[in-house]
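All values below were derived from every heavy atom in this structure, side-chain atoms included, with hydrogens, water molecules and symmetry-related copies excluded.
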Amino acid sequence: MRLGLALGYWGRGPDPGHLELAREAERLGYHSVWTAEAWGSDAFTPLTWIAAHTSRIRLGTAVAQMAARTPTATAMHALTLDHLSGGRMMLGLGLSGPQVVEGWYGRPFPKSPLTATREYVEVIRQVLRREAPVELAGRFHSHPYTGADGSGLGKPLKPITHPLRASLPVLLGAEGPKNISQTTRIADGWLPLYWSPLRTDVYGASLTDLPDGFLIAPMARAKVCDDVAEGLLPVKAMLGFYIGGMGHAARNFHADLMARMGYASEARHIQQLFADGRREEAVLAVPDAFADEISLVGPRQRIAERLELWRKGPVTDLLVTAPDPHTLRVLAELVS
(Lines give C-alpha, C1' and ligand atoms only; values in the text may rest on other atoms or scores of the structure.)
Protein backbone atom coordinates (compact mmCIF):
# COMPACT_ATOMS: atom_id res chain seq x y z
CA MET A 1 0.00 0.00 0.00
CA ARG A 2 1.54 3.27 -1.16
CA LEU A 3 1.06 6.64 0.47
CA GLY A 4 -0.25 9.78 -1.15
CA LEU A 5 -0.81 13.28 0.22
CA ALA A 6 -4.26 14.77 -0.44
CA LEU A 7 -4.23 18.57 -0.17
CA GLY A 8 -7.83 19.16 -1.24
CA TYR A 9 -8.98 22.58 -2.42
CA TRP A 10 -8.38 26.04 -0.98
CA GLY A 11 -10.65 27.68 1.54
CA ARG A 12 -10.70 31.46 1.71
CA GLY A 13 -7.26 31.61 0.12
CA PRO A 14 -4.20 29.49 -0.67
CA ASP A 15 -2.74 27.52 2.20
CA PRO A 16 0.85 28.73 2.68
CA GLY A 17 1.88 25.35 4.03
CA HIS A 18 0.75 23.17 1.13
CA LEU A 19 3.92 23.45 -0.94
CA GLU A 20 6.18 22.53 1.96
CA LEU A 21 3.92 19.59 2.85
CA ALA A 22 4.19 18.36 -0.74
CA ARG A 23 7.97 18.70 -0.72
CA GLU A 24 8.20 16.92 2.62
CA ALA A 25 5.99 14.12 1.30
CA GLU A 26 8.33 13.70 -1.67
CA ARG A 27 11.36 13.63 0.65
CA LEU A 28 9.68 10.94 2.76
CA GLY A 29 9.00 8.75 -0.26
CA TYR A 30 5.29 9.37 -0.73
CA HIS A 31 4.16 8.15 -4.12
CA SER A 32 1.74 10.96 -5.00
CA VAL A 33 0.24 14.34 -4.10
CA TRP A 34 -3.35 15.30 -4.99
CA THR A 35 -5.32 18.52 -5.36
CA ALA A 36 -9.06 19.08 -5.71
CA GLU A 37 -11.67 21.67 -6.65
CA ALA A 38 -15.19 22.59 -5.54
CA TRP A 39 -16.36 26.14 -6.37
CA GLY A 40 -13.29 28.24 -5.71
CA SER A 41 -9.72 27.25 -6.53
CA ASP A 42 -9.18 24.92 -9.48
CA ALA A 43 -7.32 21.61 -9.29
CA PHE A 44 -4.73 22.01 -12.05
CA THR A 45 -3.04 25.32 -11.23
CA PRO A 46 -1.89 24.38 -7.69
CA LEU A 47 -0.76 21.01 -9.03
CA THR A 48 1.35 22.75 -11.68
CA TRP A 49 2.93 24.92 -8.99
CA ILE A 50 3.78 21.81 -6.97
CA ALA A 51 5.16 20.12 -10.09
CA ALA A 52 7.58 23.02 -10.58
CA HIS A 53 8.94 22.59 -7.05
CA THR A 54 9.25 18.79 -6.98
CA SER A 55 10.92 16.20 -9.18
CA ARG A 56 9.68 12.68 -8.42
CA ILE A 57 6.32 12.60 -6.66
CA ARG A 58 3.31 11.74 -8.85
CA LEU A 59 0.73 14.49 -9.37
CA GLY A 60 -3.00 13.76 -9.20
CA THR A 61 -6.36 15.49 -9.23
CA ALA A 62 -8.81 14.10 -6.68
CA VAL A 63 -10.94 15.24 -8.20
CA ALA A 64 -11.23 17.55 -11.19
CA GLN A 65 -14.91 18.15 -11.88
CA MET A 66 -16.18 17.04 -15.28
CA ALA A 67 -18.72 19.85 -15.49
CA ALA A 68 -15.94 22.43 -15.22
CA ARG A 69 -14.48 21.61 -18.63
CA THR A 70 -15.24 19.79 -21.83
CA PRO A 71 -13.46 16.44 -22.00
CA THR A 72 -11.05 17.75 -24.62
CA ALA A 73 -10.15 20.73 -22.40
CA THR A 74 -9.50 18.35 -19.50
CA ALA A 75 -7.35 16.18 -21.74
CA MET A 76 -5.37 19.30 -22.75
CA HIS A 77 -4.73 20.13 -19.09
CA ALA A 78 -3.61 16.57 -18.37
CA LEU A 79 -1.32 16.11 -21.35
CA THR A 80 0.26 19.54 -20.83
CA LEU A 81 1.04 18.91 -17.17
CA ASP A 82 2.23 15.41 -17.98
CA HIS A 83 4.83 16.88 -20.35
CA LEU A 84 5.89 19.63 -17.97
CA SER A 85 6.31 17.19 -15.07
CA GLY A 86 8.12 14.47 -16.98
CA GLY A 87 5.25 11.97 -16.97
CA ARG A 88 4.00 12.31 -13.40
CA MET A 89 0.34 13.20 -14.05
CA MET A 90 -2.60 11.10 -12.79
CA LEU A 91 -6.03 12.35 -13.83
CA GLY A 92 -8.78 11.90 -11.26
CA LEU A 93 -12.27 12.92 -12.36
CA GLY A 94 -15.62 13.32 -10.64
CA LEU A 95 -19.11 14.17 -11.83
CA SER A 96 -20.10 16.13 -8.67
CA GLY A 97 -23.82 16.58 -7.98
CA PRO A 98 -26.82 18.55 -9.24
CA GLN A 99 -26.42 21.47 -6.84
CA VAL A 100 -22.85 22.15 -7.94
CA VAL A 101 -23.24 21.30 -11.63
CA GLU A 102 -26.36 23.40 -12.08
CA GLY A 103 -25.74 26.00 -9.38
CA TRP A 104 -22.07 26.75 -10.01
CA TYR A 105 -21.36 25.64 -13.56
CA GLY A 106 -24.76 26.57 -14.94
CA ARG A 107 -25.17 23.30 -16.80
CA PRO A 108 -27.80 20.58 -16.56
CA PHE A 109 -26.89 17.61 -14.43
CA PRO A 110 -26.94 14.61 -16.81
CA LYS A 111 -30.04 12.46 -16.65
CA SER A 112 -27.82 9.44 -17.23
CA PRO A 113 -24.66 10.03 -15.15
CA LEU A 114 -23.09 6.72 -16.14
CA THR A 115 -23.42 7.45 -19.84
CA ALA A 116 -22.08 10.99 -19.40
CA THR A 117 -19.07 9.68 -17.47
CA ARG A 118 -18.37 6.92 -19.98
CA GLU A 119 -18.44 9.35 -22.91
CA TYR A 120 -16.23 11.85 -21.08
CA VAL A 121 -13.59 9.22 -20.42
CA GLU A 122 -13.77 7.89 -23.99
CA VAL A 123 -13.05 11.34 -25.43
CA ILE A 124 -10.05 11.77 -23.12
CA ARG A 125 -8.75 8.34 -24.10
CA GLN A 126 -9.00 9.25 -27.79
CA VAL A 127 -7.08 12.49 -27.23
CA LEU A 128 -4.32 10.73 -25.32
CA ARG A 129 -4.01 7.90 -27.85
CA ARG A 130 -3.84 10.39 -30.75
CA GLU A 131 -4.46 7.60 -33.22
CA ALA A 132 -7.05 9.57 -35.20
CA PRO A 133 -9.18 12.69 -34.96
CA VAL A 134 -11.58 12.61 -32.03
CA GLU A 135 -14.99 11.35 -33.08
CA LEU A 136 -17.88 10.34 -30.85
CA ALA A 137 -21.60 10.33 -31.56
CA GLY A 138 -22.40 10.75 -27.89
CA ARG A 139 -25.55 11.60 -26.03
CA PHE A 140 -23.75 14.20 -23.92
CA HIS A 141 -20.42 14.69 -25.70
CA SER A 142 -20.51 14.77 -29.49
CA HIS A 143 -17.36 15.30 -31.53
CA PRO A 144 -17.86 17.06 -33.85
CA TYR A 145 -20.89 18.83 -32.42
CA THR A 146 -24.03 18.06 -34.40
CA GLY A 147 -26.72 19.82 -32.39
CA ALA A 148 -29.49 21.81 -34.09
CA ASP A 149 -28.01 25.06 -32.80
CA GLY A 150 -24.59 24.37 -34.35
CA SER A 151 -23.15 25.74 -37.58
CA GLY A 152 -22.56 22.32 -39.10
CA LEU A 153 -18.96 23.33 -39.84
CA GLY A 154 -17.22 21.34 -37.12
CA LYS A 155 -14.58 18.85 -38.22
CA PRO A 156 -12.87 16.04 -36.34
CA LEU A 157 -9.50 17.09 -34.90
CA LYS A 158 -6.68 15.40 -33.09
CA PRO A 159 -4.34 17.19 -30.69
CA ILE A 160 -1.53 19.23 -32.20
CA THR A 161 0.63 18.29 -29.23
CA HIS A 162 1.69 14.66 -29.06
CA PRO A 163 0.77 13.39 -25.58
CA LEU A 164 3.71 12.09 -23.60
CA ARG A 165 1.78 8.96 -22.52
CA ALA A 166 -1.24 7.38 -24.10
CA SER A 167 -1.48 5.38 -20.89
CA LEU A 168 -1.77 8.39 -18.56
CA PRO A 169 -3.82 6.98 -15.65
CA VAL A 170 -7.46 8.02 -15.43
CA LEU A 171 -9.21 7.50 -12.09
CA LEU A 172 -12.82 8.19 -11.18
CA GLY A 173 -14.44 9.39 -7.99
CA ALA A 174 -17.55 7.21 -7.91
CA GLU A 175 -19.97 6.58 -5.04
CA GLY A 176 -22.98 4.61 -6.31
CA PRO A 177 -22.68 0.83 -6.85
CA LYS A 178 -23.34 1.00 -10.61
CA ASN A 179 -20.92 3.90 -11.03
CA ILE A 180 -18.20 2.04 -9.13
CA SER A 181 -18.78 -1.09 -11.19
CA GLN A 182 -18.47 0.93 -14.42
CA THR A 183 -15.31 2.56 -13.08
CA THR A 184 -13.61 -0.84 -12.86
CA ARG A 185 -14.32 -1.31 -16.57
CA ILE A 186 -13.44 2.07 -18.06
CA ALA A 187 -10.85 3.60 -15.73
CA ASP A 188 -7.42 2.77 -14.34
CA GLY A 189 -8.47 3.37 -10.76
CA TRP A 190 -11.12 4.41 -8.28
CA LEU A 191 -11.05 7.28 -5.77
CA PRO A 192 -13.46 6.39 -2.93
CA LEU A 193 -14.64 9.35 -0.88
CA TYR A 194 -15.23 7.32 2.30
CA TRP A 195 -13.53 4.00 2.86
CA SER A 196 -13.92 1.89 5.96
CA PRO A 197 -11.63 -1.13 6.27
CA LEU A 198 -14.31 -2.56 8.55
CA ARG A 199 -17.02 -2.43 5.86
CA THR A 200 -15.37 -3.49 2.60
CA ASP A 201 -18.47 -5.58 1.90
CA VAL A 202 -20.30 -2.32 1.13
CA TYR A 203 -18.39 -2.23 -2.16
CA GLY A 204 -17.87 -5.96 -2.64
CA ALA A 205 -20.33 -6.54 -5.48
CA SER A 206 -18.94 -3.59 -7.44
CA LEU A 207 -15.31 -4.69 -7.16
CA THR A 208 -15.45 -8.21 -8.55
CA ASP A 209 -13.03 -9.21 -11.33
CA LEU A 210 -10.76 -6.17 -10.98
CA PRO A 211 -8.33 -5.77 -13.89
CA ASP A 212 -4.62 -6.16 -13.19
CA GLY A 213 -3.07 -2.99 -11.88
CA PHE A 214 -6.38 -1.35 -10.98
CA LEU A 215 -5.85 1.34 -8.33
CA ILE A 216 -8.07 1.85 -5.30
CA ALA A 217 -7.06 5.10 -3.65
CA PRO A 218 -9.32 6.33 -0.82
CA MET A 219 -8.74 9.51 1.14
CA ALA A 220 -8.42 9.46 4.91
CA ARG A 221 -7.76 12.19 7.44
CA ALA A 222 -4.62 11.40 9.47
CA LYS A 223 -3.45 13.07 12.66
CA VAL A 224 -1.00 11.86 15.29
CA CYS A 225 -2.38 13.14 18.59
CA ASP A 226 -3.12 12.04 22.15
CA ASP A 227 -6.79 13.06 22.22
CA VAL A 228 -8.74 10.95 19.72
CA ALA A 229 -12.02 12.84 20.18
CA GLU A 230 -10.31 16.17 19.50
CA GLY A 231 -8.47 14.73 16.52
CA LEU A 232 -11.76 13.55 15.02
CA LEU A 233 -13.37 17.01 15.08
CA PRO A 234 -12.03 18.03 11.62
CA VAL A 235 -13.30 14.71 10.24
CA LYS A 236 -16.73 15.34 11.72
CA ALA A 237 -16.72 18.90 10.36
CA MET A 238 -15.98 17.58 6.88
CA LEU A 239 -18.66 14.91 7.13
CA GLY A 240 -21.22 17.37 8.50
CA PHE A 241 -20.63 19.69 5.54
CA TYR A 242 -20.61 17.00 2.86
CA ILE A 243 -23.59 15.09 4.22
CA GLY A 244 -25.59 18.12 5.27
CA GLY A 245 -24.64 20.74 2.71
CA MET A 246 -23.11 19.16 -0.40
CA GLY A 247 -26.32 18.19 -2.12
CA HIS A 248 -30.07 18.55 -1.94
CA ALA A 249 -31.96 16.71 0.79
CA ALA A 250 -33.66 14.63 -1.89
CA ARG A 251 -30.45 13.88 -3.80
CA ASN A 252 -27.24 13.80 -1.81
CA PHE A 253 -24.80 11.12 -2.94
CA HIS A 254 -22.66 11.53 0.19
CA ALA A 255 -25.60 11.01 2.54
CA ASP A 256 -26.69 7.99 0.50
CA LEU A 257 -23.23 6.48 0.84
CA MET A 258 -23.21 7.02 4.61
CA ALA A 259 -26.58 5.28 4.75
CA ARG A 260 -25.24 2.28 2.80
CA MET A 261 -22.38 2.11 5.30
CA GLY A 262 -24.84 1.52 8.13
CA TYR A 263 -25.63 5.02 9.33
CA ALA A 264 -28.91 5.83 7.55
CA SER A 265 -30.79 7.49 10.40
CA GLU A 266 -27.72 9.47 11.44
CA ALA A 267 -27.23 10.74 7.89
CA ARG A 268 -30.83 11.97 7.64
CA HIS A 269 -30.56 13.63 11.06
CA ILE A 270 -27.41 15.48 9.99
CA GLN A 271 -29.14 16.62 6.81
CA GLN A 272 -32.11 17.94 8.75
CA LEU A 273 -29.95 19.85 11.24
CA PHE A 274 -27.94 21.38 8.43
CA ALA A 275 -31.08 22.35 6.52
CA ASP A 276 -32.42 24.03 9.67
CA GLY A 277 -29.30 26.18 9.91
CA ARG A 278 -28.00 24.29 12.96
CA ARG A 279 -24.60 23.56 11.46
CA GLU A 280 -22.63 23.15 14.68
CA GLU A 281 -25.20 20.64 15.88
CA ALA A 282 -24.96 18.83 12.54
CA VAL A 283 -21.21 18.41 12.99
CA LEU A 284 -21.60 17.15 16.55
CA ALA A 285 -24.29 14.71 15.37
CA VAL A 286 -21.78 12.87 13.19
CA PRO A 287 -21.09 9.61 15.05
CA ASP A 288 -17.56 9.36 16.40
CA ALA A 289 -17.53 5.71 15.36
CA PHE A 290 -18.14 6.58 11.69
CA ALA A 291 -15.59 9.40 11.66
CA ASP A 292 -13.06 7.12 13.33
CA GLU A 293 -13.37 4.15 11.01
CA ILE A 294 -12.74 6.22 7.87
CA SER A 295 -9.70 8.04 9.31
CA LEU A 296 -6.40 7.46 11.11
CA VAL A 297 -6.39 9.52 14.27
CA GLY A 298 -4.74 9.09 17.67
CA PRO A 299 -1.40 8.08 19.20
CA ARG A 300 1.23 6.42 17.03
CA GLN A 301 0.53 2.90 18.30
CA ARG A 302 -3.21 3.23 17.70
CA ILE A 303 -2.60 4.41 14.13
CA ALA A 304 -0.14 1.54 13.57
CA GLU A 305 -2.75 -1.01 14.64
CA ARG A 306 -5.46 0.51 12.48
CA LEU A 307 -3.16 0.71 9.46
CA GLU A 308 -3.00 -3.08 9.47
CA LEU A 309 -6.74 -3.15 8.75
CA TRP A 310 -6.21 -0.92 5.71
CA ARG A 311 -3.38 -3.14 4.46
CA LYS A 312 -5.55 -6.27 4.54
CA GLY A 313 -8.06 -4.96 2.01
CA PRO A 314 -7.80 -4.06 -1.68
CA VAL A 315 -6.51 -0.52 -1.13
CA THR A 316 -3.42 0.17 -3.28
CA ASP A 317 -2.89 3.83 -2.38
CA LEU A 318 -3.84 5.58 0.86
CA LEU A 319 -4.29 9.30 0.22
CA VAL A 320 -3.93 11.05 3.56
CA THR A 321 -5.05 14.53 4.40
CA ALA A 322 -2.33 15.09 6.99
CA PRO A 323 -2.15 18.62 8.41
CA ASP A 324 1.43 18.51 9.70
CA PRO A 325 4.88 17.15 8.77
CA HIS A 326 5.07 15.05 11.95
CA THR A 327 2.03 12.99 10.93
CA LEU A 328 3.47 12.58 7.44
CA ARG A 329 6.72 11.26 8.90
CA VAL A 330 5.01 8.83 11.28
CA LEU A 331 2.88 7.36 8.49
CA ALA A 332 5.94 7.00 6.25
CA GLU A 333 7.75 5.12 9.01
CA LEU A 334 4.77 2.84 9.69
CA VAL A 335 4.11 1.97 6.04
CA SER A 336 7.74 1.46 5.00
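When each of Ile186, Thr74, Thr183 is checked for a side chain to side chain contact (heavy atoms under 4.5 Å, CB included) with Val121, only Ile186 meets the rule.
The list of side chain to side chain donor-acceptor pair (under 3.5 Å) pairs with a residue in residues 45-54, not counting sequence neighbours, reads Asp42-Thr45, Thr54-Arg88. Pairs engaging residues 66-89 under the ring pair (Phe, Tyr, Trp, His ring centres under 6.0 Å) rule: Phe44-His77 [sequence neighbours left out]. For residues 56-69, every residue pair satisfying the side chain to side chain donor-acceptor pair (under 3.5 Å) rule, not counting sequence neighbours, is listed here: Glu37-Arg69, Gln65-Tyr105.
Applying the side chain to side chain contact (heavy atoms under 4.5 Å, CB included) test to Arg185 and every residue at least two apart in sequence or in another chain returns Ser181, Gln182. Considering only residues two or more places apart in sequence or on other chains, Thr70 meets the side-chain hydrogen bond (donor to acceptor under 3.5 Å, both in side chains) condition with Thr72. For Glu122, the salt bridge (charged side-chain N to carboxylate O under 4.0 Å, His left out) partners are Arg129, not counting sequence neighbours. With sequence neighbours left out, the ring pair (Phe, Tyr, Trp, His ring centres under 6.0 Å) criterion links His141 to Tyr120.
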Only distances under 3.5 Å count here; give the side-chain donor-acceptor pairs of residues 167-180 to other protein atoms, sequence neighbours excluded, each with its distance to 0.1 Å.
from, atom 1, to, atom 2, distance (Å)
Glu175, OE1, His254, ND1, 3.3
Glu175, OE2, His254, ND1, 3.0

Report, one line per pair, each donor and acceptor closer than 3.5 Å where one atom sits in a side chain of residues 329-336; sequence neighbours left out.
from, atom 1, to, atom 2, distance (Å)
Arg329, NH1, Glu24, OE2, 3.4
Glu333, OE1, Arg300, NH1, 2.8
Glu333, OE1, Arg300, NH2, 3.3
Ser336, OG, Ala332, O, 3.4
Ser336, OG, Glu333, O, 3.0

Could you list the donor-acceptor pairs under 3.5 angstrom formed between side-chain atoms of residues 215-227 and any protein atom two or more places apart in sequence or on another chain?
from, atom 1, to, atom 2, distance (Å)
Lys223, NZ, Asp324, OD1, 3.2
Asp227, OD1, Ala229, N, 3.1
Asp227, OD1, Glu230, N, 3.1

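In this structure, the separation between CZ on Arg306 and CD on Glu293 is 8.0 Å, given to the nearest 0.5 Å.
Taking a 4.5 Å side-chain heavy-atom cut-off between Ile, Leu, Val, Met, Phe, Trp and Tyr, the cluster of Leu164 contains only that residue. Chaining together hydrophobic side chains whose heavy atoms lie under 4.5 Å apart leaves Trp10 on its own.
Counting non-hydrogen atoms of other residues, nucleotides and ligands closer than 6.0 Å to CD of Glu308 gives a total above 12.
Ring geometry for Tyr194 against Phe290 counts as perpendicular: the plane angle is over 60°, on a 0 to 90° scale with 30° as the lower cut.
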